[in-house]
Amino acid sequence: MTEKEYNKSVETLANPLFRFIFKNLGIREDAENIVQDSFESLWINRDKVENEKVKSWLFTTAYRKMIDNIRKSKKTVEMPEFVNEKGREASQPDLRNIVSSALDRLPEIQKTVILLRDYEGYDYAEIGKITGLNESQVKVYIFRARQTLKNYLVSLENII
Amino acid sequence: MKPIDSNNIDEIMFALLEGEIQGDERDRLLEAIEADPEYKKLWRMWQNTVLNPDESVGMNTASLLKKERKKGIIVPFRIIRYSAAAAIVLSVGIYFLANTGDQSDDLVNSAKEPVKINNSALPVPKPSVNLVVPADQTSVDSVKPLKEKIKNMALDQPSENPQPAFRNQENLQEISTPVVPPNIPVFAHNENETTINQASPASPSAVSDIQVTVTSYENPIQETKSKKSLLGKVFGNLKVKIENDSNTITKRKLVIDNDKYQIIAGF
């Protein structure tokens, strides 16, 4: 990987990686630190990483650092900052906020796999490589995650 | 294909959502779901579980992650060391040449007749009168009558404490006189050549190992003392070279030449 390719990967992958980590951790500073560490590791190992596999390499590295961070801190997950499409904080609970609050209730592994699936479009095999799971396990975790989210939405609708 | 019921509705909707069911089967299932209000509501809930990234959320310092290498020339440290050493040597040499230039200007302008002194123990290729300036002949004022004194000295009888005779070329009168101290400069008049030999300070009878010849040119550039600059003194037309000389110990001699003087040092 050349310096130019590295800088290109920063432009294209820094924000998506940050959103993935931030969605999992809920703490902006920790998410930025993990992203910085991941790119620094990429720079150090740029001779070993092929340009075509940069995205999966970065997400794998960031995921492992995120898990380490969670194990070390065991902090309470803060509510992420959400802004609606018009750039204003939602005064009324909209669907995105409800889903996000439901997401925070998921176990870490389920949250990770569903974020990789929906945010980055990874298939089961790629998610398995990043998280160290096999395809069957990934599928099961995604199903359980969606089912939990669905049940939460149904319960809210029944209340409303 | 098994029918949709409450036991498999979640699995079927999940499969539809993940894209595992395609084609005609997908169309048929969707028609069945749309036909039932409860299934339709449930299908909408399943669709809301698909997350969409919030593009407004981003990393503010992402641009700082880029690597930008500064282009430049890497100079090896050893070159820097050699350059520093060369600069020091050059500075010392310039200082030395500049200071010797000041003294020579005054004495050259005041001397009228050539003075030739050879105090060297080394053989001199050309016959010349070997004269030694006594130790007391150091002041500037003594330069004028110096010729006469030297002539007289050459004809004088040996002193009470005779010094070893110098090995000189043929047809020269040997002189038993005290060895010239190493710090007595004798500068030549125009068109004349002065050879200064610095004896070793170890003992009067020690053999000198450095022979220095200072020659002034006929028409040196006349400059007032106050207008001279260091660079003008040294870098007028300064030439430094090393030539072969079979009469020296190392078979080499250093020649330094500028607009006014030519300094030849055998070593």
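It should be emphasised that the depicted structure is a prediction, and the values quoted were computed from it without experimental measurement. Convention: sequence-line order gives letters A, B, ...; per-chain numbering from 1.
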Does [X], at its [atom1] atom, have more than 12 non-hydrogen atoms belonging to other residues, nucleotides or ligands within less than 6.0 Å?
X: B/Asp24; atom1: CG; value: no
X: A/Glu11; atom1: CD; value: yes
X: B/Glu38; atom1: CD; value: no
X: A/Lys129; atom1: NZ; value: no

Measure distances from [X] to the heavy atoms of chain B and classify the residue's part below 4.5 Å as side chain, backbone, both or neither.
X: A/Ile142; answer: both
X: A/Glu3; answer: side chain
X: A/Glu40; answer: side chain

From CZ (A/Arg146) to CG (B/Leu51), nearest 0.5 Å
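It comes to 6.5 Å.
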Would you give the length of the straight line joining atom OG1 of B/Thr49 to atom OH of A/Tyr152, rounded to the nearest 0.5 angstrom?
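B/Thr49 OG1 to A/Tyr152 OH: 15.0 Å, rounded to 0.5 Å.
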Set of residues satisfying side chain to side chain contact (heavy atoms under 4.5 Å, CB included) with respect to A/Val54, sequence neighbours excluded
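By the side chain to side chain contact (heavy atoms under 4.5 Å, CB included) rule, A/Val54 matches A/Met1, A/Ser9, A/Leu13, A/Leu42, A/Val49, A/Asn51, A/Leu58.
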Determine whether a donor-acceptor pair (N or O, by modelled atom type, separation under 3.5 Å) exists between the side chain of B/Asn48 and the backbone of A/Lys150.
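No, the answer is negative, given that no donor and acceptor are paired below the 3.5 Å cut-off.
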Whether A/Asn15 side chain and B/Met59 backbone form a donor-acceptor pair below 3.5 Å
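Confirmed, A/Asn15 side chain pairs with B/Met59 backbone.
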If we define contacts as heavy-atom pairs under 4.5 Å, which of B/Lys66, B/Lys67, B/Met45 has the most with chain A?
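Maximum pair count with chain A is reached by B/Lys67.
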With a 4.5 angstrom heavy-atom cut-off, which part of B/Glu55 approaches chain A: side chain, backbone, both or neither?
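Both backbone and side chain of B/Glu55 come within 4.5 Å of chain A.
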Please classify the contact of B/Leu64 with chain A as side chain, backbone, both or neither, using a heavy-atom distance under 4.5 Å.
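For B/Leu64, neither part sits under 4.5 Å from chain A.
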Strictly less than 4.5 Å between heavy atoms, which residues of residues 130-139 of chain A line up against chain B? Please order them by number.
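Contacts with chain B: A/Lys139.
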Chain B interface, residue from [options] that has the most non-hydrogen pairs under 4.5 Å:
options: A/Phe39, A/Phe20, A/Trp43; answer: A/Trp43
options: A/Gln147, A/Glu120, A/Lys8; answer: A/Gln147
options: A/Leu149, A/Asn7, A/Val10; answer: A/Asn7

Validation row: A/Arg28, B/Asn60 side chains within 4.5 angstrom (heavy atoms):
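Answer yes - side chains close enough.
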Could you label the plane-to-plane angle of the B/Phe14 and A/Phe143 rings as parallel, tilted or perpendicular, counting under 30° as parallel and over 60° as perpendicular?
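Because their plane-to-plane angle is over 60°, the rings of B/Phe14 and A/Phe143 count as perpendicular.
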For A/Phe18, what residues pass the ring pair (Phe, Tyr, Trp, His ring centres under 6.0 Å) criterion, not counting sequence neighbours?
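Only A/Phe22 meet the ring pair (Phe, Tyr, Trp, His ring centres under 6.0 Å) criterion with A/Phe18.
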Just to verify, what does A/Trp57 make a ring pair (Phe, Tyr, Trp, His ring centres under 6.0 Å) with, not counting sequence neighbours?
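With sequence neighbours excluded, A/Trp57 shows a ring pair (Phe, Tyr, Trp, His ring centres under 6.0 Å) to no residue whatsoever.
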